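No experiment lies behind these values; they were computed from the predicted model shown. Chain naming here is simple, since letters A, B, ... match the order of the sequence lines and numbering starts at 1 in each.
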2 protein chains.
Amino acid sequence: MTLRDVADTAGVSISTASLVFSGRGPVAAATADKVRTAAQSLGYAGPDPLASSLRQGRSGTVAVIVEDRLLHAFRDPFALTVLDGLAQELDAMGQSMLLIADPGGEEQANPLAGHALDAAVFPLCGRTDSPFVEHLLARDIPMVGAGSPRDDRVSHVLVDERGASRAATEHLLDLGHTRVAHVLMPLGPRHSTRAVAPGDATVELERAAYPDARDRTLGFLDAAPDGRLVETAEADVAEGERAGRLLLDVPPGQRPTGIVAQSDLLAAGVIRAAEALRLDVPDDVSVVGFDGVELPWLDHRLTTIVQPGEPKGRLLGQLARDALAGEPTRDVPLEVTLRVGSTTAPPP
Amino acid sequence: MTLRDVADTAGVSISTASLVFSGRGPVAAATADKVRTAAQSLGYAGPDPLASSLRQGRSGTVAVIVEDRLLHAFRDPFALTVLDGLAQELDAMGQSMLLIADPGGEEQANPLAGHALDAAVFPLCGRTDSPFVEHLLARDIPMVGAGSPRDDRVSHVLVDERGASRAATEHLLDLGHTRVAHVLMPLGPRHSTRAVAPGDATVELERAAYPDARDRTLGFLDAAPDGRLVETAEADVAEGERAGRLLLDVPPGQRPTGIVAQSDLLAAGVIRAAEALRLDVPDDVSVVGFDGVELPWLDHRLTTIVQPGEPKGRLLGQLARDALAGEPTRDVPLEVTLRVGSTTAPPP
DNA sequence: GTGACGAATCGAATCGATTCGACTGTAATC
DNA sequence: GATTACAGTCGAATCGATTCGATTCGTCAC
């Protein structure tokens, strides 16, 4: 079933039939009808997308690259919100998302190599370097990211992670807290949830693979150079709770009175840990999150850095659009704001 | 930058160069090296996927079709688990996922038309009919689903929704409950969370667009024909809580002592509603869920129907593989089991 | 009556690979 | 020494469209 068959049946040339389907050239109404009728009777479902794409040089596909397995990448509601905004924008430009999960292993075949792509988006802040970047550059496919991978030829939507994290921390200090701690998202793959010794912080941060976790930590340390750090194995509730226990299940005198978490999910875990230890939030411990996601199951209005996820996704989509239009690489900022909720209060 | 350029630079024919990249034919080691060196020096990133796909008739792409926006579709951890299993299986067969969200509106262009696809998967149970089915059939693209869309030419992974729901309900009856209620996932689009009048149930179920919600309701009614029904607007915690209030915020004599929810997220919402009303779970109210997902923030071990999500996704992938291999359409069952946790007990 | 113009249509080139069959030269077999 | 076998290479056909430039034909203006 090809355009040729349709054209033959309709008694017109292939070129004319093509014009009917693409709606581009001038075609007499009667001719167009003949072609459509022929297509109908043959059960022709329209021009082959492959052939069409090959000729036109556009595939209508944008790769959306996430690290790790989808299961982990999308467990965070914030990631989903970004993805949703991106989907809306791509949809509006007639592009679809090819979901590529990069499990990190180097040995296997490049899953991008076999796919025709118009652009590639790294919607979540993953590793600073990606094995895909070089390949995409060689194929001259424009790239868009949210802070990583770091490269001049990648457009970015940038959040002042460091400043926001500093602001979150200063909020606690302004309330009078003096013993504050920080719960980190993973700085790189293959860690377990554990306290970071004060002396090791500098080295660990230099080695960090995930720039957002690093920058938020730097922001915390800007405001609270002596604050304690706990790095988690994964930015989810369970690990947040584990980190919370590590910090809070100690004699009251050593216990931090304020905790800044690098994500709302982690903050929720910290709150759970506190409550399991019969500590009141915010009277005994103040907790700050990051992202500003909706957690309907959380019995608190979290004090957090609100990062608008859907707009972020949309900005990523718009950068992709611009890149497709041939515009040069550029970065756009995304504003985030501190929202004071009911999980922070002056120290006991 | 085409294969021709590489071949010219290497001083071989295009066909030989092609053999080097595909690794198919016999090529002398020296020749292969020449070609690879030429490719390297020219910055050639490998054969154009479009041209390659056109010739081979395979695109390496499987459409993954979800209804509604991604944001909603993937909010449920169960959906993510299925997607994860599917991704693993597709990955192993060298296929990537093209994510297509079908917002339901009929007016806009078919987002599938422009894409080369080897197969299409409907991993979540959506509407019984999909506007995409006809198109995919015309293009002769094999389809795989998880209960919908209903069509002989779609392979399915099938769960005995009705039997499982009946079993969940019977568990409550066996414990001695006599006043039981059911919290439904949406039966179709565009509803709001509301009680379904007993007389309307039959009609509503006949009109149901989502077969899994319908079948689970039928299973509940099999065991408890007089049970009360509340249909939610969306299967999430917030709507589950709303439904819970509708059922529980009444005089004690009318209050159900056991509630079967059609998903764990809804069950969690019901539990929240109960606890907000100062009712104890399970001493005052027993709650049963469906899916068996991990909810680390829930302070209960939910009694639920455990539906293995990752295997389900893998089965979907395997059906897709079989369909790609030319095997005929077929259905495979997925076993689910009742897991008794700490949210059910005899009635007060 | 002639020239210009625009609408409608078509033929042929093109997109960039894969692959079949043909051809060459060398090694193994009888 | 003739025959077979096979590794290695290449030319040409093919996948199924889009699109450029040419052609035809009818209409309108002068």
Side-chain angles (χ1 to χ4, degrees), chain A residues 1-36 38-39 42-61 94 112-118 138-141, chain B residues 1-36 38-39 42-61 94 112-118 138-141:
Chain A
M1 241 347 75
T2 73
L3 193 53
R4 158 174 223 102
D5 301 317
V6 177
D8 287 353
T9 308
V12 301
S13 74
I14 300 184
S15 14
T16 302
S18 175
L19 292 179
V20 172
F21 286 105
S22 69
R24 248 176 277 265
V27 179
T31 313
D33 272 346
K34 269 195 306 186
V35 172
R36 271 189 278 267
L42 292 177
Y44 178 75
D48 182 317
L50 275 176
S52 167
S53 298
L54 172 60
R55 188 64 239 263
Q56 302 189 111
R58 279 275 167 112
S59 66
T61 302
L112 289 178
H115 291 284
L117 301 174
D118 292 344
R139 286 176 61 185
D140 215 22
I141 294 173
Chain B
M1 241 348 73
T2 74
L3 193 54
R4 156 171 227 105
D5 301 317
V6 176
D8 286 353
T9 308
V12 301
S13 74
I14 300 185
S15 13
T16 302
S18 174
L19 293 180
V20 171
F21 286 105
S22 68
R24 250 177 275 266
V27 179
T31 313
D33 273 346
K34 269 196 305 187
V35 172
R36 271 189 279 267
L42 292 176
Y44 178 75
D48 183 316
L50 275 177
S52 167
S53 298
L54 173 60
R55 187 62 238 262
Q56 303 188 112
R58 280 277 167 108
S59 66
T61 302
L112 288 177
H115 290 284
L117 301 174
D118 292 343
R139 285 176 60 186
D140 215 22
I141 293 174

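Contact check, A:Tyr44 against D:dA17: a side-chain N or O comes under 4.0 Å of OP1 or OP2. Applying the 4.0 Å criterion to OP1 and OP2 of C:dT19, one finds that B:Arg24 has a side-chain N or O inside that range. The phosphate of C:dT18 has neither OP1 nor OP2 within less than 4.0 Å of any side-chain N or O from B:Ser22.
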Under 3.5 Å, which protein N or O atoms sit close to an N or O of nucleotides 13-15 of chain D? Give each pair with its distance.
unit_1, atom_1, unit_2, atom_2, d
D:dT14, O2, B:Arg55, NH1, 3.2

Output one line per pair: protein atom, nucleotide atom from nucleotides 7-12 of chain D, and distance, for all N/O pairs under 3.5 Å.
unit_1, atom_1, unit_2, atom_2, d
D:dT9, OP1, B:Thr31, OG1, 2.4
D:dT9, OP2, B:Ala28, N, 3.0
D:dT9, OP2, B:Thr31, OG1, 3.1
D:dC10, OP2, B:Ser13, N, 2.8
D:dC10, OP2, B:Ser13, OG, 3.3
D:dC10, OP2, B:Thr16, OG1, 2.9
D:dG11, N7, B:Ser15, OG, 3.1
D:dG11, O6, B:Ser15, OG, 3.3

Protein-nucleotides 23-29 of chain C N/O pairs under 3.5 Å:
none

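Going from atom CE of B:Met1 over to atom CG of A:Asp140 covers 11.0 Å, rounded to the nearest 0.5 Å. Note: B:Leu42 CG to B:Asp5 CG = 6.5 Å, rounded to the nearest 0.5 Å. Atoms CG and CG, from B:Asp8 and B:Leu3 in turn, are 9.5 Å apart once rounded to the nearest 0.5 Å.
Five base pairs at each end of the helix from C:dG1-D:dC30 to C:dC30-D:dG1 define two local axes, and these are offset by 40° (rounded to 10°).
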Side-chain donor-acceptor pairs under 3.5 Å in residues 48-56 of chain B, sequence neighbours left out?
unit_1, atom_1, unit_2, atom_2, d
B:Asp48, OD1, B:Leu50, N, 2.6
B:Asp48, OD1, B:Ala51, N, 3.4
B:Ser52, OG, B:Gln56, NE2, 3.2
B:Ser53, OG, B:Pro49, O, 2.8
B:Ser53, OG, B:Arg58, O, 3.2
B:Gln56, OE1, B:Arg24, NH2, 3.2

message: Before you tell me yes or no, could you show the steps for A:Asp33 and A:Arg36 under side chain to side chain contact (heavy atoms under 4.5 Å, CB included), namely the whole-Å CA-CA distance, both residues' side-chain angles and the distance that decides it to 0.1 Å?
response: CA-CA 5 Å; A:Asp33 272 346; A:Arg36 271 189 278 267; 4.2 Å; yes
task: Could you go through the side chain to side chain contact (heavy atoms under 4.5 Å, CB included) check for B:Thr61 and B:His115 one step at a time?
output: CA-CA 9 Å; B:Thr61 302; B:His115 290 284; over 6 Å; no
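The two atoms that bring B:Ile14 and B:Arg4 nearest to each other are CD1-NH1, 3.8 Å, heavy atoms only. Contact between B:Val6 and B:Phe21 at its shortest, heavy atoms only, is CG1-CE1, 4.4 Å. The nearest pair of heavy atoms linking A:Arg139 to A:Leu112 is NH1-O, 3.1 Å. The two residues B:Leu19 and B:Gly25 come nearest to each other via the heavy atoms CD2-N, 3.6 Å.
Residue B:Leu50 contributes atom CG, which lies 12 Å from atom P of C:dT18 at whole-angstrom precision. Summarising the geometry, the separation between CZ on B:Arg58 and P on C:dT18 is reported as 16 Å, rounded to the nearest angstrom.
In this view, A:Thr16 and A:Ser13 satisfy the side-chain hydrogen bond (donor to acceptor under 3.5 Å, both in side chains) rule, not counting sequence neighbours.
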